[in-house]
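Report on the following structure.
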Amino acid sequence: EGIFVGYSAGSAIAGLLQLKNRLTEKDIVVVIFHDHGSRYVGKLYNDEWMRDRGFLEKKNPTALEIVRNRPAHKLITIDASDRIGAAIEMLKKFDISQIPVRQNDQFVGSLDDSHIFSVLMDNPALREEKVENIMQPLFPFVDAGATLDTITQRLSKTNPAVLVKDNENNVHIITKYDIIDAIR
């Protein structure tokens, strides 16, 4: 049973537990809880505060939990036949740094802002070319139940995101920023 008390009430119980070997069955012990827990809601009764201080294990959320714990957004994609300039506009418009590439309702590749930057620095005229001419490999899919540890193993400098399907078969992206947010 949980009792909504503060630190000092917990100290009173800890003191009693230290004396337990000196007590007999005939002894009567009264402990008065002189404090309540309402002043500790933001600390002692806050799981994040407890985790940050090592009193609770760090959580290891699943891919689906990571997706559910952020604002709901529809996955932004671009078609392989669209112009690279259109991809740049989408990255700016939605304030994103990577985008999955689709063709005929299938995921076929990806683009990220650093790759587009390096390609255009070498040849600015490529802005009018099709995305399929410069797209990168497809972001890997992870299971909805994949844990944070599993997801981070799939991320790298050349692979900045993973994709995951939810229970309704909708596809979501998990980026390095989502991982950073999940481990705070």
Side-chain angles (χ1 to χ4, degrees), residues 41-42 46-54 56-184:
V41 172
N46 179 315
D47 286 349
E48 285 302 314
W49 188 89
M50 296 291 283
R51 260 187 216 94
D52 288 346
R53 283 149 185 84
L56 296 175
E57 282 187 34
K58 294 280 184 188
K59 57 184 176 179
N60 194 2
T62 65
L64 205 50
E65 290 169 339
I66 292 169
V67 168
R68 287 183 178 150
N69 287 333
R70 65 176 188 207
H73 296 291
K74 186 177 187 293
L75 179 65
I76 307 300
T77 63
I78 191 158
D79 194 88
S81 63
D82 286 342
R83 292 179 315 102
I84 295 167
I88 295 167
E89 292 304 314
M90 290 178 83
L91 294 174
K92 286 193 301 191
K93 178 181 177 182
F94 295 107
D95 193 27
I96 56 178
S97 55
Q98 55 272 322
I99 187 166
V101 179
R102 296 181 73 144
Q103 187 173 43
N104 301 325
D105 291 328
Q106 298 291 318
F107 291 93
V108 295
S110 67
L111 281 178
D112 72 47
D113 57 357
S114 60
H115 178 67
I116 294 172
F117 175 78
S118 65
V119 166
L120 291 181
M121 288 296 97
D122 291 340
N123 186 356
L126 286 176
R127 188 180 182 100
E128 299 303 318
E129 293 293 320
K130 291 181 179 182
V131 166
E132 64 190 355
N133 294 336
I134 68 159
M135 71 181 177
Q136 299 161 270
L138 173 65
F139 297 133
F141 274 86
V142 297
D143 293 332
T147 61
L148 188 64
D149 297 337
T150 303
I151 297 166
T152 55
Q153 290 173 3
R154 304 294 302 268
L155 298 176
S156 66
K157 189 172 186 171
T158 58
N159 183 53
V162 297
L163 300 175
V164 61
K165 287 186 182 180
D166 64 20
N167 299 335
E168 290 82 39
N169 223 23
N170 297 312
V171 178
H172 304 272
I173 190 168
I174 298 175
T175 66
K176 291 178 181 178
Y177 292 106
D178 294 319
I179 299 300
I180 291 168
D181 192 47
I183 59 176
R184 65 182 166 116

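For clarity, every value in this text was computed on a predicted model and none was experimentally measured. Any value given below was found using the heavy atoms of this structure, including those in side chains, with hydrogens, waters and symmetry copies removed.
Note that CD1 of Ile179 and CD1 of Ile151 are 5.0 Å apart. Values are rounded to the nearest 0.5 Å. Of the inter-residue distances, the one linking Arg83 atom CZ with Lys130 atom NZ reads 12.5 Å to the nearest 0.5 angstrom. To the nearest 0.5 Å, atom CD of residue Gln136 and atom CG of residue Leu111 are 6.0 Å apart. Between atom CD of residue Gln98 and atom CD1 of residue Ile116 there is a gap of 10.5 Å, rounded to the nearest 0.5 Å. In this structure, CD in Gln103 is found 10.5 Å from CG in Asp105, a value given to the nearest 0.5 Å. Interatomic distance, Thr147 OG1 to Gln153 CD, rounded to the nearest 0.5 Å: 8.0 Å.
In terms of heavy atoms, Val108 sits closest to Arg102 at CG2-C, 4.0 Å. Here the closest non-hydrogen pair linking Leu148 and Ala182 is CD1-CB, 4.2 Å. Asn159 and Pro140 get closest at one heavy-atom pair: OD1-CD, 3.2 Å. Minimum heavy-atom separation, Glu65 to Thr62: OE1-N, 2.9 Å. Taking each heavy atom of Phe139 and Pro160 in turn, the nearest pair found is CE2-CD, 3.9 Å. Here the closest heavy-atom approach between residue Arg154 and residue Phe141 is recorded as NH1-O, 3.7 Å.
In terms of modelled atom types and a separation under 3.5 Å, the side chain of Asp82 and the main chain of Val131 share no donor-acceptor contact. Checked by atom type and distance alone, the side chain of Asn170 never pairs as donor or acceptor with a backbone atom of Asp166 at under 3.5 Å. Lys176 contributes a side-chain N or O that, together with a main-chain N or O of Ser156, makes up a donor-acceptor pair within less than 3.5 Å. Here the side chain of Asn104 pairs no donor or acceptor atom with the backbone of Gln106 at under 3.5 angstrom. Listed for the Asp143 side chain is no donor-acceptor partner under 3.5 Å among the backbone atoms of Gly145. Here the side chain of His115 pairs no donor or acceptor atom with the backbone of Ser110 at under 3.5 angstrom.
Counting heavy atoms from C-beta on, the side chains of Ile134 and Ile84 come closer than 4.5 Å. In this structure, Leu163 and Leu138 have side chains that are in contact, with non-hydrogen atoms separated by less than 4.5 Å. Proximity of Ile99 to Leu91: side-chain heavy atoms (C-beta onward) are separated by under 4.5 Å at one or more points. Side-chain contact check for Asp181 versus Ile66: every heavy-atom pair is 4.5 Å or farther apart. Taking 4.5 Å as the limit, every side-chain heavy atom of Ser97 sits out of range of all side-chain heavy atoms of Thr175. In this structure the side chain of Leu75 reaches within 4.5 angstrom of the side chain of Phe107, judged on heavy atoms.
Just one residue in the list Leu64, Val67, Leu155 forms a side-chain contact (heavy atoms from CB on, under 4.5 Å) with Ile174, and that residue is Val67.
Side-chain atoms of Asp112 and Ser114 include a donor-acceptor pair closer than 3.5 Å.
Shown here is Phe117, whose CZ atom has no more than 12 heavy atoms of other residues, nucleotides or ligands within 6.0 Å.
Arg70 has a carboxylate O that lies under 4.0 Å from a charged side-chain N of Asp178, or vice versa, which qualifies the two as a salt bridge. Ionic pairing of Lys92 and Glu89 is present here: one or more N-O contacts between side-chain nitrogen and carboxylate oxygen are shorter than 4.0 angstrom.
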Pair Leu126-Leu120, side chain to side chain contact (heavy atoms under 4.5 Å, CB included): steps then yes or no = CA-CA 6 Å; Leu126 286 176; Leu120 291 181; 4.1 Å; yes

